[in-house]
Amino acid sequence: MKIYNTLTNKKEAFESIEEGKVKMYVCGPTVYNYIHIGNARPLIVFDTVRKYLEYKNYEVTFVSNFTDIDDKIIKKANEEGVDYREISSKYMKEFLIDSEGLNVKPATIYPKATEEIDGMIKVIEQLIEKGYAYEVNGSVYFETKKFKPYGKLSNKNQEDLEAGARIAVDTEKRNPMDFVLWKPKKEGEPAWKSPWGEGRPGWHIECSVMAKKYLGDSIDIHAGGEDLVFPHHENEIAQSEAVNDKQFSKYWMHNRFVNVDNKKMSKSLGNFFTVREIVDEFSYDVIRFFMLNVHYRSPINFSRDLIQAAANGLERIQTSRDNLEHLLKNAQQDDYNEKESMLNEEKELEKYKTKFETAMEDDFNTADAISAIFELVKFANKNTDSDSSNKFIEDIIILIDELCGILGIVSKKKKILLDEEINDLIEKRQQARKDRDFALADKIRDDLKDKGIILEDTREGVRWHRG
RNA sequence: GGCGCCAUAGCCAAGUGGUAAGGCAGAGGUCUGCAACACCUUCAUCAUCGGUUCAAAUCCGAUUGGCGCCUCCA
């Protein structure tokens, strides 16, 4: 299995630190709003990475934090005139709802920044002791010059960074590139006690501390959006490796952005769509499928037309799977019939599975993996009919479900329970068709369509599903 | 100014040295009372220029265009 490692800028063979186990840390959301579909990309992508690792029998410990104290949260709380905790707890809940909708497996642990302050203070103290950090007027800064490898993740060197520094130099700092570990309390803001007076932690220290506490000094995979490479992840490396004297993360994975009109979608630019908005019109399943249609290290453009195209594609997979299930109900033979034996099905199915795995092993090429599913679907559509055997159909269904399952793609259409009223109407329509009263038959079909029930007259009888 | 990424059919998108996967949309056909589904057929030489090679979308160089990071940000 190969993973593209931002640290080395190349694809590397994946070898976990401890055999059979993977420790993974993904930077989680700052909870001050509903997530937008840009936020959904890392969620979906790294959940898929996890699912594939688990499919390969790794025991994955997956940690994803909540940044539940931050300038933006405070700002929003002040705007709404409520306590910051009301904001953070509300949007944590909403995040988990979207997360579940997107078929993201819950993290092993979701640590919250505000519950880890003691640990952060301890690490900051250690950094000061070891000479990597210094205190000025209640603020504590990390002195980047003291950490020699600083810049190794983002391929920057201190001189370039200083030359490019656009922020007005904070006179408190010894060096413009130093970053804050602890900031003093401002009037009206929440604060915690510390050896440097009341205040709150800087953003970067959170992740270093939570990763250490729940995963240990060295982890296998650290992931997040590409914008986190610098400064966030660079700073995490500096903090963690300065304290632990060990490599912090072996592999660093970063997803590219979701764009609108080829421009980055972000809360600050205001050109974003929330996941909820899209779910209203399409569905969580379509969003997930849409995201996985593009390799995670390529930018992906978002538009109504593109997501509609993805919805149509997903429908193709689901329709095929539905048809198979329908055939299975009527299938008689238990063992392969002559035609099926000729097809050498097992070997044929192996081909799609191999293509799928090969794609996934190559830095999680989900786009290519999905094409294997489409090829499997084509094979199924082409080679099954009412004469197919149970065994033949079941084998295909199992494989479709397995492959879709790894990607977290829902392979079945959502159905409601058989409603007698609907069945009555369908029978009525069948009678009308027999009587060649097509006007009535079409009216019944149209009426059902208005209620969201789509009828299809297949060779094997009338079928219906939610539109 | 520094660092990095990208350019494949109407649209989306794999492919990183051996002659272009897959999906959406479109066209023609089969099936069907009609429709839908499905199936069959059809639809590109890979931004431009130059180079390396028996062989390049794939490597090198240049040009043009686009994007990201260097500041909160997935």
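Order of the sequence lines sets the chain letters (A, B, ...), proteins ahead of strands, with each chain counted from 1.
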Need one value for [X]: base, sugar-phosphate or nothing, where a base atom within 4.0 Å counts as base even if backbone is also close, heavy atoms only.
X	result
Phe438(A)	base
Asp368(A)	base
Asn365(A)	sugar-phosphate
His254(A)	nothing
Ile373(A)	nothing
Val258(A)	base
Arg321(A)	nothing
Gly313(A)	sugar-phosphate
Asn255(A)	base
Glu375(A)	sugar-phosphate

Regarding [N], can its base be found pairing with the side chain of [X] as donor and acceptor, where the two atoms are less than 3.5 Å apart?
X	N	result
Asn262(A)	rG65(B)	no
Asp457(A)	rC34(B)	yes
Lys264(A)	rC73(B)	yes

What nucleotide, of [options], holds the atom closest to the side chain of [X]?
X	options	result
Leu306(A)	rC24(B), rC12(B), rC70(B)	rC12(B)
Phe374(A)	rC69(B), rA36(B), rG23(B)	rG23(B)
Asp362(A)	rA21(B), rG15(B), rC24(B)	rG15(B)
Val294(A)	rA14(B), rC3(B), rA74(B)	rA14(B)

Nucleotide-level pairing of RNA chain B, given in dot-bracket where Watson-Crick and G-U pairs need both distances under 3.5 Å and | marks other strands:
(((((((..(((.....[...))).(((((.......)))))....(((((..]....))))))))))))....
What residues form a side chain to side chain donor-acceptor pair (under 3.5 Å) with Thr30(A), not counting sequence neighbours?
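So Thr30(A) forms no side chain to side chain donor-acceptor pair (under 3.5 Å) with any residue.
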When you compare the protein's N or O atoms with those of nucleotides 5-7 of chain B, which come within less than 3.5 Å of each other, and at what distance?
unit_1, atom_1, unit_2, atom_2, d
rC5(B), O2', Arg256(A), NH2, 2.6

Restricting to pairs with a member in residues 306-316 of chain A, which pass salt bridge (charged side-chain N to carboxylate O under 4.0 Å, His left out), not counting sequence neighbours?
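Listed by first then second residue: Glu315(A)-Lys413(A).
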Strictly under 3.5 Å: I want the nitrogen or oxygen pairs between protein and nucleotides 38-40 of chain B, one per line.
unit_1, atom_1, unit_2, atom_2, d
rA38(B), O3', Asn381(A), ND2, 3.1
rC39(B), OP1, Asn381(A), ND2, 3.1
rC39(B), OP2, Arg316(A), NH1, 3.4
rC40(B), OP1, Lys382(A), NZ, 2.9
rC40(B), OP2, Lys378(A), NZ, 2.9

Taking the nucleotide of RNA chain B with the closest heavy atom to each, which residue, Asn301(A) or His36(A), is nearer the 5' end?
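The 5'-side residue here is Asn301(A).
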With sequence neighbours excluded, residues passing side chain to side chain contact (heavy atoms under 4.5 Å, CB included) with Glu79(A):
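Side chain to side chain contact (heavy atoms under 4.5 Å, CB included) list for Glu79(A), sorted by chain: Lys75(A).
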Exercise: do Asn312(A) and Gln308(A) side chains pair donor with acceptor under 3.5 Å
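Yes, a side-chain donor-acceptor pair sits under 3.5 Å.
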Side chains of Lys112(A) and Ser88(A), donor plus acceptor under 3.5 Å
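Note: Lys112(A) and Ser88(A) side chains miss the donor-acceptor criterion.
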Whether Asn5(A) side chain and Leu7(A) backbone form a donor-acceptor pair below 3.5 Å
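Such a contact is found between Asn5(A) side chain and Leu7(A) backbone.
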